[in-house]
Amino acid sequence: MRLTILGGGGFRVPLVYGALLGDHAEGRVSHVTLYDEDPARLAAMARVLADLAAAAKVPDAPAVTATRDLDEALRGADFVFSAIRVGGLDGRAADERVALAEGVLGQETVGAGGVAYGLRTVPVARGIARRIARVAPGAWVINFTNPAGLVTEAMAEELGDRVIGICDSPVGLGRRIARLLGARPQDAWIDYVGLNHLGWVRGLRIGGRDELPRLLADAEALESFEEGRLFGAEWLRSLGAIPNEYLHYYYFNRETVRAYQEAAQTRGAFLRDQQRGFYAEAGRAGLPAGAALAAWDRTRAEREATYMAENREAAGAGGRDVSDLESGGYEKVALALMRAIARDERATLILNVRNGSTLSVLDAAAVIEVPCLVDANGAHPVGVEQLPLHAVGLVTAVKAVEREVLAAAASGARADAVKAFALHPLVDSVAVARRLVDGYATAHPGLAHLR
């Protein structure tokens, strides 16, 4: 099988390649094509992957080629993994800065920052989807590009059910809960439902029995893992569910915005500076074997340790535990998804797919994040109980914003962009929405037409 990675110079590519190195079954990925517009990032990442293959000592490691030609990258692909970042980390840092100046959240997928990132990314994602449909019509597309649900829905306009979105947040949450309850994650059924970065674990069945009530009754256990420390036992009991960590931006918005405003630098600025250092080091001439991989390992450890640091500060949750830093996120989901489709090895995975009739409050085309049964014909959402009213309000409001982003990206109209910002639950004024549009139009050349 041939896998193409769009955004092939991206920092998390070694996670995917590392997972492929551990796959020895028949029908495995034999060739990986890295596509990126930045030649320096491509070259650095190719070095890291070569170091990974050498360290793994796998005789039949997937071959790696790199290209800046999109059609060349897509031609002959069985799977296309999309992990692009339109505007790079400079764009993310600007998204955060513009929003925080208006006193609202600028996180890359939530609030004003997510809307701005979506406005930049959707036109590019639509263009890529059209190219895939033309050059590699038989390929399956796995989307990790954020905002993942919104981008998956945009690409589905061209690709239908052949594009599937993935995210590691529900996987990590389910794994932590299962282990707290004394179960192996692979033996637990996770009742999870919502949108990307806006979902809740409402039950966790082990041997047919829902064990989540047992966890909710134990305050000490609840506050022993990351989400429990973020939200607090009392609030989790009130909800009767465990929210995705990104719901902290909604439930504790004032505290989080204040923590971000008081931070020495935003998350995007931190990652921008950190990765500049990594790519400069990994791309240096005369680098000895293994040095690029060592630099990547050091950078990744720091990246994971500082993840959502402002939220933990706002919640008084302290640093991340070793169990919170454990790998095994989206790269394993991607590999399991490819295996299930390519080999008809049926699997149950939490994925971003078109709704169909799964959630009655949304239309059939809406991309949602739910457990899916995956086989050679793709991903099929499992029937779930309907959302409680408080969750219906958030899910439908945010889906409405996503639809306005899709409309604004297509029309290029300022009024549509203002509407997308103004309708978001975390933007509290139409006047603020107008200033946000002006700020982002100034910060991003690709949005200058919105002035």
message: The test is side chain to side chain donor-acceptor pair (under 3.5 Å); show your working for Gln107 and Glu96 and say whether it passes.
response: CA-CA 6 Å; Gln107 203 275 338; Glu96 294 165 336; over 6 Å; no
message: Any heavy-atom pair between the side chains of Leu34 and Thr67 that's under 4.5 Å?
response: no
- prompt: Do Arg451 side-chain atoms and Ala441 backbone N/O form a donor-acceptor pair below 3.5 Å?
  reply: yes
query: For the atom pair CZ (Arg339) and NZ (Lys332), what is the distance rounded to the nearest 0.5 Å?
result: 10.0 Å
- request: Please confirm whether the backbone N or O of Asp36 pairs with a side-chain atom of Arg41, one donor and one acceptor, at under 3.5 Å?
  value: no
query: Hey, mind stepping through Glu281 and Arg47 against salt bridge (Lys or Arg N to Asp or Glu O under 4.0 Å) and telling me if it holds?
result: CA-CA 11 Å; Glu281 182 175 356; Arg47 281 185 170 184; over 6 Å; no
- prompt: Considering only heavy atoms from C-beta outward, does the side chain of Tyr250 approach that of Val398 to under 4.5 Å?
  reply: yes
field: CA sep, side-chain torsions, deciding dist, call: Tyr117, Tyr440, side chain to side chain donor-acceptor pair (under 3.5 Å)
entry: CA-CA 10 Å; Tyr117 191 24; Tyr440 287 124; over 6 Å; no
- request: For Arg162 and Ala139, work out which heavy atoms get closest and say how close.
  value: NE-O, 3.3 Å
- prompt: Counting only heavy atoms not in Arg276, do more than 12 sit closer than 6.0 Å to its CZ atom?
  reply: yes
task: Given side-chain contact (heavy atoms from CB on, under 4.5 Å), test Arg346 with Leu373 step by step and report yes or no.
output: CA-CA 7 Å; Arg346 299 191 177 191; Leu373 299 177; over 6 Å; no
- prompt: Rounded to the nearest 0.5 Å, how far does CG of Leu351 lie from SG of Cys167?
  reply: 10.5 Å
query: Do Asp187 side-chain atoms and Ala183 backbone N/O form a donor-acceptor pair below 3.5 Å?
result: no
- prompt: Going by distance alone, is a donor N or O of one side chain under 3.5 Å from an acceptor N or O of the other, for His380 and Asp375?
  reply: yes
Close side-chain approach of Pro243 to Glu227, heavy-atom, < 4.5 Å: no
- prompt: Can Gln274 and Thr299 be counted as having a side-chain donor-acceptor contact under 3.5 angstrom?
  reply: no
field: Ion pair check, Arg126 and Glu157, cut-off under 4.0 Å
entry: yes
- prompt: When the aromatic ring centroids of Tyr330 and Phe81 are compared, is their separation below 6.0 Å?
  reply: yes
- request: Taking Arg284 for its side chain and Tyr279 for its backbone only, find out whether a donor-acceptor pair lies under 3.5 Å.
  value: no
- request: Test Leu20 against every option in Arg28, Met1, Met338, Glu331 by the side chain to side chain contact (heavy atoms under 4.5 Å, CB included) rule and name the one that passes.
  value: Met338
statement: All heavy atoms of Leu436 vs all of Ala99, minimum pair found to be CD2-CA, 3.9 Å
query: So does Asp90 pair up with Arg97, basic N to acidic O under 4.0 Å?
result: no
- prompt: Quick one: does Asp438's side chain get under 4.5 Å of Arg414's, heavy atoms only?
  reply: yes
task: Assign the ring pair Phe11 / Phe278 to parallel, tilted or perpendicular, where the plane angle (0 to 90°) is split at 30° and 60°.
output: perpendicular
query: Would you say Glu385 has more than 12 foreign heavy atoms packed within less than 6.0 Å of its CD?
result: no
message: Between Arg403 and Asp363, does any NZ, NE, NH1 or NH2 come within less than 4.0 Å of an OD or OE carboxylate oxygen?
response: yes
task: Find the distance between CG (Asp168) and CG (Leu15) and round it off to the nearest 0.5 Å.
output: 9.0 Å
query: Hey, are Thr152 and Asn352 close enough side-chain-wise for a donor-acceptor pair under 3.5 Å?
result: no
- request: Report the C-alpha distance between Trp296 and Leu293 in whole Å, list the side-chain angles of each, state the deciding distance to 0.1 Å, and finish with yes or no for side-chain contact (heavy atoms from CB on, under 4.5 Å).
  value: CA-CA 5 Å; Trp296 180 80; Leu293 176 58; 4.0 Å; yes
query: In terms of side-chain geometry, is the basic nitrogen of Arg205 or Asp191 positioned less than 4.0 Å from the acidic oxygen of its partner?
result: no
task: Step by step, work out the side chain to side chain donor-acceptor pair (under 3.5 Å) result for His444 and Asp95.
output: CA-CA 9 Å; His444 301 298; Asp95 289 344; 2.7 Å; yes
task: Give a yes or no on whether Gln386 atom CD has more than 12 heavy-atom contacts from other residues, nucleotides or ligands under 6.0 Å away.
output: yes
- request: For the residue pair Arg12 and Arg303, establish whether any side-chain heavy-atom pair is separated by less than 4.5 Å.
  value: yes
task: With rounding to the nearest 0.5 Å, note down the distance linking CZ in Arg92 to OG1 in Thr109.
output: 8.0 Å
query: Does some side-chain heavy atom of His424 sit less than 4.5 Å from a side-chain heavy atom of Val115?
result: yes
Partner of Ile242 under side chain to side chain contact (heavy atoms under 4.5 Å, CB included), chosen from Ile190, Ile177, Leu204: Ile177
query: Going through the checks in order, is the side chain to side chain donor-acceptor pair (under 3.5 Å) test met by Asn244 and Glu369?
result: CA-CA 11 Å; Asn244 183 296; Glu369 192 168 74; 4.6 Å; no
- request: Could you tell me the separation between the CZ atom of Phe421 and the CD atom of Glu102, rounded to the nearest 0.5 Å?
  value: 11.0 Å
query: Can you find a pair of side-chain heavy atoms, one from Asn143 and one from Ile164, that are under 4.5 Å apart?
result: no
